[in-house]
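Below is one structure, written out as structure tokens; the observations come after it.
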Amino acid sequence: MSMVKCTSCNAPLAERGATEFKCPECSELIRRCARCRLQSIQYVCQKCGFQGP
């Protein structure tokens with residue numbers, strides 16, 4: 001079993017404030033830790049390359 005990690009920083013998503021949502025372009029699952037969300041760290045979809053804050 002693999003641990004769920006943040007798409008931006010690769011940190012484990014064990015803390016409060018983490019989220020997951022579908023990529024607006026291809027519906028691939030994007031996962032974000034609380035730190036990356038609060039600091040608006042950029043993410044890149046692994047499947048289609050879509051970039052977002």
Side-chain angles (χ1 to χ4, degrees):
M1 187 167 111
S2 65
M3 183 174 287
V4 178
K5 296 186 177 185
C6 177
T7 301
S8 298
C9 70
N10 211 31
L13 295 183
E15 80 277 0
R16 277 190 119 140
T19 190
E20 60 182 33
F21 55 92
K22 292 183 179 181
C23 172
E25 293 292 321
C26 71
S27 298
E28 178 77 6
L29 202 56
I30 304 290
R31 295 178 172 105
R32 307 268 285 156
C33 70
R35 184 186 69 83
C36 286
R37 288 180 63 212
L38 290 172
Q39 294 181 4
S40 298
I41 304 294
Q42 183 176 4
Y43 65 87
V44 178
C45 176
Q46 298 283 323
K47 186 175 178 181
C48 72
F50 177 84
Q51 298 180 18

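By convention here, the first residue in the shown sequence is residue 1.
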>> Quick check: closest heavy atoms across T7 and V44, and the distance to 0.1 Å?
In response: CG2-O, 3.6 Å
> Considering residues, nucleotides and ligands other than Q39, do more than 12 of their heavy atoms fall under 6.0 Å from its CD?
Replying inline: yes
> So how far is it from C23 SG to Q51 CD, rounded to the nearest 0.5 Å?
Replying inline: 11.0 Å
> Got a sec, which residues hit side-chain hydrogen bond (donor to acceptor under 3.5 Å, both in side chains) with E15, two or more places apart in sequence or on another chain?
Replying inline: none
>> If hydrophobic residues (ILVMFWY) are linked whenever their side-chain heavy atoms come closer than 4.5 Å, directly or via other members, who joins F50 in its cluster?
In response: F21, I30, Y43
> What pairs meet the salt bridge (charged side-chain N to carboxylate O under 4.0 Å, His left out) rule with one or both residues in residues 17-36, with sequence neighbours excluded?
Replying inline: E20-R31
>> How close do C36 and C6 get, counting heavy atoms only, and between which atoms?
In response: SG-SG, 3.9 Å
